[in-house]
Amino acid sequence: MRKKLRGLFIFGLMIGLLLTGCTKNLEANAEGASETVEQKESVDTEQLVVSDTDENPAQTEQTKSEVELKLLYDAEFWDIYDWSEGPYPTKEAYEDDVYRLVDEITTLLHKEDWLSQYSEENDTYYLKLESYTLDILGVMGTPVQYTENSVVNAMRIDPTCLSGELSLNPVCHELVHMITYDSKLERHALSMELNDGLCEYVSRKIGMEDSTSYKPASITEFFGSIDLTLMPEEQKQAMREVIDTLGMESDEYLYHVGTVERNIAYMLNLYFVKYIIETYGMDDFLELHNVVDDEAVMREHVNRLGELKTEWMNSEADTFAFLYSVEEE
């Protein structure tokens with residue numbers, strides 16, 4: 001029993017550190033974190049400050065939209081914490097990077113016109129940055145009407161993860177959620193697990209200046225840094241459950257954010273998405289990822305994703321074999 005508990009702790013800790021990129025130790029808080037994955041119906045808009053940037057640099061000629069992206073903050077957001085050691089020592093540094101990321105994400109995902117879906121009744125999309133301390137890196141809401149001609153969305157980020165050194169950027173992850181959201185179908189993708197895999201992939205691709213390569217580069221390399229003999233049977237079962245649901249249509253998460261199981265899901269989603277993109281290209285992946293209002297097409301995509309999952313697992317068969325090994329008494 002002591003060995004199993006030790007294995008659970010070590011495996012969970014290593015998964016968390018390797019995936020989140022945040023230097024603080026994240027402990028599971030499923031009760032509180034469970035609220036973060038629900039769709040938020042309102043945004044606290046009292047005492048807000050609008051970015052004083054005259055023009056959104058991301059609104060280039062290529063990406064010009066009738067709807068403009070603007071940034072909002074709580075009135076004292078940038079005065080509460082010490083940001084000097086983080087990636088955004090000033091509000092201006094944060095704004096510059098958000099606009100850079102939006103431009104690069106929309107180009108990478110062919111979503112240059114993502115704001116046009118709000119243009120029928122709005123001319124502004126406000127992104128409100130909020131601090132959020134529930135032992136998770138961040139969470140993106142869904143847009144709601146703000147004024148007669150604008151919508152607002154809340155990006156909630158743990159300030160601890162923006163006030164110190166980062167190997168990954170949670171802001172980039174959440175921006176992918178924002179950009180891939182389909183307001184008509186009220187979905188991000190065919191599967192939220194697949195969408196999270198894309199967020200993790202993009203975060204490592206363009207989220208930080210030194211994110212030009214993947215470390216670890218594959219599931220095999222990932223597990224190469226972990227002593228699998230310490231992996232408890234409960235975690236093996238969690239991985240099997242996540243694998244079973246990979247590529248299945250769903251707008252919900254299998255596990256609560258903040259749990260070891262959720263971190264396992266992030267890892268598997270990331271490397272499944274990475275395999276598809278690097279084997280078949282971004283266009284083919286996005287065709288399977290994006291939600292469409294056609295059940296027959298969705299079924300075809302689910303079937304294709306099932307084939308790709310088998311192909312991916314076969315390509316790293318030795319690494320996946322341990323999941324189905326029988327634990328010795």
Side-chain angles (χ1 to χ4, degrees), residues 11 14-15 18-19 105 108-111 168 173 176-177 180 187-206 211-226 228 231 233 235-255 261-292 294-326:
F11 184 74
M14 294 190 73
I15 288 279
L18 282 168
L19 283 175
I105 292 168
L108 180 66
L109 304 185
H110 312 309
K111 289 279 190 179
L168 292 177
H173 178 112
V176 176
H177 280 313
T180 55
R187 294 273 295 273
H188 292 83
L190 177 145
S191 160
M192 277 307 297
E193 300 290 355
L194 208 62
N195 190 242
D196 255 352
L198 179 62
C199 292
E200 289 292 291
Y201 177 85
V202 174
S203 294
R204 287 160 169 77
K205 193 76 172 177
I206 62 175
S211 296
T212 55
S213 61
Y214 280 74
K215 298 178 181 180
S218 65
I219 283 287
T220 299
E221 186 176 323
F222 180 92
F223 283 127
S225 61
I226 297 175
L228 296 178
M231 187 177 186
E233 182 61 29
Q235 302 309 317
K236 285 187 180 181
Q237 180 59 31
M239 291 187 71
R240 289 192 287 264
E241 290 176 358
V242 171
I243 289 173
D244 287 344
T245 61
L246 277 179
M248 300 297 290
E249 181 184 356
S250 174
D251 61 352
E252 297 180 353
Y253 293 111
L254 183 60
Y255 292 105
E261 290 82 4
R262 182 71 221 142
N263 285 335
I264 291 173
Y266 276 125
M267 174 195 64
L268 291 170
N269 293 331
L270 162 64
Y271 287 108
F272 181 43
V273 167
K274 182 177 184 288
Y275 173 81
I276 298 174
I277 292 175
E278 295 188 353
T279 305
Y280 296 96
M282 180 64 78
D283 289 343
D284 284 1
F285 169 76
L286 291 175
E287 184 177 355
L288 298 172
H289 166 277
N290 296 342
V291 62
V292 294
D294 188 319
E295 291 187 8
V297 173
M298 294 280 271
R299 284 196 299 270
E300 290 179 4
H301 290 177
V302 169
N303 291 337
R304 177 56 179 156
L305 285 165
E307 295 172 355
L308 292 174
K309 177 171 63 176
T310 300
E311 183 181 302
W312 169 57
M313 294 181 68
N314 287 339
S315 71
E316 302 193 69
D318 291 342
T319 299
F320 281 107
F322 81 95
L323 285 178
Y324 302 93
S325 61
V326 178

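What you see below is based on every heavy atom in this structure, not just the backbone, and it leaves out hydrogens, waters and symmetry mates.
Here the side chains of M248 and L305 are not in contact, with every heavy-atom distance at 4.5 Å or above. No side-chain heavy atom of I276 sits under 4.5 Å from any side-chain heavy atom of H289. Using a 4.5 Å heavy-atom cutoff, the side chains of M298 and L190 are in contact. L109 places a side-chain heavy atom less than 4.5 Å from the side chain of M282.
In this pair, Y275 and Y280 present their aromatic rings perpendicular. The plane angle is above 60°, beyond the 30 to 60° band.
Atom-to-atom distance recorded for M192:CE and T245:OG1 is 13.0 Å, nearest 0.5 angstrom. Taken to the nearest 0.5 Å, the CG atom of N290 stands 4.5 Å off from the NZ atom of K111. Summarising the geometry, atom CG belonging to D294 is positioned 8.5 Å from atom CZ belonging to R299; distances are rounded to the nearest 0.5 Å. Taking OG from S191 and CG from N269, the interatomic distance works out to 7.0 Å, rounded to the nearest 0.5 Å. Taking CD1 of I277 as the start and CG of D283 as the end, the distance is 10.5 Å to the nearest 0.5 Å.
The shortest heavy-atom contact between E193 and A265 is OE1-CB, 4.0 Å. The minimum heavy-atom distance linking L198 with F285 is given by the pair CD1-CE2, 3.7 Å. Nearest approach of L194 to L288, heavy atoms of both residues: CD2-O, 4.2 Å.
When each of E307, H301, E300 is paired with R304, the side chain to side chain donor-acceptor pair (under 3.5 Å) condition holds for E307 and for no other. Each of H177, R187, E200 was scored for a side chain to side chain donor-acceptor pair (under 3.5 Å) with N195, with one residue passing: H177.
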* Which is it for T279 and W312 under the side-chain contact (heavy atoms from CB on, under 4.5 Å) test, yes or no, and what are the steps along the way? -> CA-CA 10 Å; T279 305; W312 169 57; over 6 Å; no
* Chi angles and distances behind the side-chain contact (heavy atoms from CB on, under 4.5 Å) call for K309, I243 -> CA-CA 8 Å; K309 177 171 63 176; I243 289 173; 4.2 Å; yes
* Could you walk me through whether K274 and K205 pass the side-chain contact (heavy atoms from CB on, under 4.5 Å) test, one step at a time? => CA-CA 10 Å; K274 182 177 184 288; K205 193 76 172 177; over 6 Å; no
* Kindly determine whether V176 and H188 satisfy side-chain contact (heavy atoms from CB on, under 4.5 Å), including the steps that lead there. => CA-CA 10 Å; V176 176; H188 292 83; over 6 Å; no
